[in-house]
Amino acid sequence: MAKLKDFFHFRGLYAKLVVISLILVIMVILTLGLFSYFNFKQTLLEMAKRDLMLMSRQITSEIAWHISQSLVGEDLEKLTSEDIFSLNSENIKRIIWNGRWLGLETISFAGNVYLLDLNGKVLFNSQDLSKDIGTESNYKVDTYEFKDNYGGEKFLKDILNNQKNMTVKNDYYKSLNKDLIRIKSNGYITYVRNGEEYIASYSKVNLLNWVLVVDGKKEDILAPANGIGNIIFFFGFATVIVVTFIISLIAKHISSSINSAVDFANEIASGNLSISPLKVDSQDEIGNLVEHLNDMRSNLEITVTNMKNLLDNAGQGFLSISGNCYVDKEYSAECKNIFGFDIANKKLTDILFLNQNERIHYKKMLKGIFGFASNGNLNKSQELIDLLPKEMEINNNHIECEYKLVKNKDNFKLMVILTDITEKKEIQERAIKDGLTGLYNQTYFKTLLSKELDESSQNIRDLSLLMIDIDNFKSVNDTYGHQVGDEVLRSFAKVLKENLRGDGIVARYGGEEFAIVLPEVGRENAIKIGRRINRLVRNMVVNYEELALKVTVSIGVASYTAGQSSRLLITNADKALYQAKIDGKDRLCVA
């Protein structure tokens, strides 16, 4: 068996080509064989029709000529067909016998010759001729029982309905107004006798009202073709068996190796990198595939180990979540540097969320994600994934979360990639925020303002801008020093952050000047917010060491109108702020 297996160690592509070639060869051979078979059958039928017609016409012509000679000088008006038949019966037998031997020895199928009158009465048949002469011939008589009359048979009606005229006139019989005793019409018919199909040629004689029929059994006519058909069938069947056996051996060898490779790959895909390497027992493509799979397993094992170490050291990690919401130990880096504890075999909701309501909410969401995915509705699953938190605080660090749904065999896994962005967040904060007050700086403020203006323009919504300046700030610096001035700025920024949370975007515009963008806030509400700020600052006390200072602010308000640029909006708010200063400070003016 091992040697047989070695014999069929074809290279994969070659094996496929061999199989395809064998199938094509079989199809071509069978097609040619079937074509030859059906063509041969048709040829046999045409040859049989030709031979039958030759016999029919030759015998009929001989009979007609001898009868016409015997009737010379006779009064035809007084003779009936029966009289003519009685006078010439011996000649008719001899003519049929001689005609068969002289020209039709090659006919090898069984059949009969018989004469009918136009009423269907049998005047003569070949079986009587065989009995009378008692001599074998190449024309084999298929003996069957003749009826006395075939007047009701369909084949006789078909013959009589054929009016194809092949009459030849003769001056001798013109005076009698009768046709010469020649073939008037002939043709082919088929009929069934005793359950057997026959093909026959007929000739109709005008003056005598006779029909000569020469038939042959279709089964005998087609016997040579049927023999060839049996050979073709046997050869095709045997070839199919042999080729099927060869293909099955090739397929078994290829499929067994492929199945082993597939099982091995599935184990690797399931995370089992400790599986033993596959044995390579051939040098074909499958053997190369097995070698590559073994290399892949080894490289993956090294890569996963290195990746876990790298992720832990880099403050990154990934989680694999099953439908039961538990973290898979086999797939998940433990991420101890992120969580501060081993997260394997714990629920995702328990390690990400401290709030009980959040746990319940996201647990339902995760079940929905896996439920829709298992039912094939991946779009709905993705919609829920998009609602999961993209950023959260874990173990006092800022963690960015990225989610991806993947299919593992018949199950789905939710992969969560965690990245510690605490340091990145701090760098970003320093880039966009004022270091003293913690508010947005002027550069980022202008970016946000342009974005909000675009939103207001597209969605046709209100937007207002407050420009705020701390009154007499220069005198505070000059009198108490810049440290006190810095404390005034920090205290004012704190008031704004605590009292405008969610209402607007607050920025330090420069020096002692501040700006507040109020999306979806119209002029009247912006005035209310500005006056509230005036009141809050008026009641604010800045404590620094033994000092307790009171300060006020002046505010300019401008509201967005269609087509207005950010620069014009800032200019209008600045003008209103300047007017508040002129009018006595600690107040609000509207552009």
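Only this structure's heavy atoms are used, side chains among them; waters, hydrogens and symmetry mates stay out.
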Inset, instruction - State which residues pass ring-ring contact (aromatic ring centres under 6.0 Å, His included) with Tyr440; sequence neighbours excluded, sorted by chain then number. - result: Tyr444

Legend entry - Side chains of Thr422 and Asp420, donor plus acceptor under 3.5 Å: yes

Inset, instruction - Locate the shortest heavy-atom distance separating Asn441 from Ala431; write the atom from each residue and the value. - result: ND2-O, 3.1 Å

Legend entry - Flag side-chain contact, heavy atom, 4.5 Å: Leu496 against Leu536: no

Legend entry - Residue pair Arg508 / Leu436, side-chain heavy-atom distance below 4.5 Å: yes

Inset, instruction - Show your working on side chain to side chain donor-acceptor pair (under 3.5 Å) between Thr437 and Asp434 and close with a plain yes or no. - result: CA-CA 6 Å; Thr437 62; Asp434 175 59; 2.7 Å; yes

Inset, instruction - Tell me, with the steps shown, if Glu426 and Lys433 meet salt bridge (charged side-chain N to carboxylate O under 4.0 Å, His left out). - result: CA-CA 10 Å; Glu426 291 174 355; Lys433 288 192 175 181; over 6 Å; no

Inset, instruction - Provide the closest heavy-atom pair for Asn499 versus Val495 in the form atom of the first, atom of the second, distance. - result: ND2-O, 2.8 Å

Inset, instruction - Please name the pair of heavy atoms, one in Ile555 and one in Ala580, separated by the smallest distance, quoted to 0.1 Å. - result: O-CB, 3.8 Å

Inset, instruction - May I ask you to test the Leu319-Met415 pair for a side-chain heavy-atom distance under 4.5 Å? - result: no

Legend entry - side-chain contact (heavy atoms from CB on, under 4.5 Å) evaluation trace for Ile399 with Thr419: CA-CA 5 Å; Ile399 304 299; Thr419 305; 6.0 Å; no

Legend entry - Which residues share a salt bridge (charged side-chain N to carboxylate O under 4.0 Å, His left out) with Asp454, sequence neighbours left out: none

Legend entry - Check: Arg490 and Val542 side chains under 4.5 Å, non-hydrogen atoms: no

Inset, instruction - Would you mind reporting whether Val537 and Asp586 have side-chain heavy atoms less than 4.5 Å apart? - result: no

Legend entry - Shortest non-hydrogen separation from Ile369 to Ser381 and the atoms involved: O-OG, 2.8 Å

Inset, instruction - Indicate yes or no: at least one non-hydrogen side-chain atom of Tyr509 is less than 4.5 angstrom from one of Phe514. - result: no

Inset, instruction - Would you mind listing every side chain to side chain donor-acceptor pair (under 3.5 Å) that reaches into residues 548-566, with sequence neighbours excluded? - result: Ser464-Ser559, Asp471-Thr552, Asp471-Ser554

Legend entry - Check: Asp574 side chain, Met467 main-chain N or O, donor-acceptor pair, under 3.5 Å: no

Legend entry - Nearest atoms (heavy-atom pairs only) where Leu466 meets Gly530: CD2-CA, 3.8 Å

Inset, instruction - Check whether any side-chain heavy atom of Val551 lies under 4.5 Å from a side-chain heavy atom of Phe492, and answer yes or no. - result: no

Legend entry - Main-chain N/O of Asp386 paired with Lys390 side-chain donor or acceptor, under 3.5 Å: yes

Inset, instruction - Output, in order, the C-alpha distance, side-chain angles, deciding distance and verdict of salt bridge (charged side-chain N to carboxylate O under 4.0 Å, His left out) for Asp478 and Lys474. - result: CA-CA 6 Å; Asp478 292 342; Lys474 186 176 183 303; 3.0 Å; yes

Legend entry - Test item: side-chain donor near acceptor, Glu393 and Asn397, under 3.5 Å: no

Legend entry - Minimum-distance pair of heavy atoms, taken over all atoms of Leu384 and Met365: O-SD, 3.6 Å

Inset, instruction - Determine, for Arg461 against Glu452, whether the closest basic-nitrogen to carboxylate-oxygen distance falls under 4.0 angstrom. - result: yes

Legend entry - Side-chain heavy-atom pair Leu588, Val590 within 4.5 angstrom cut-off: yes

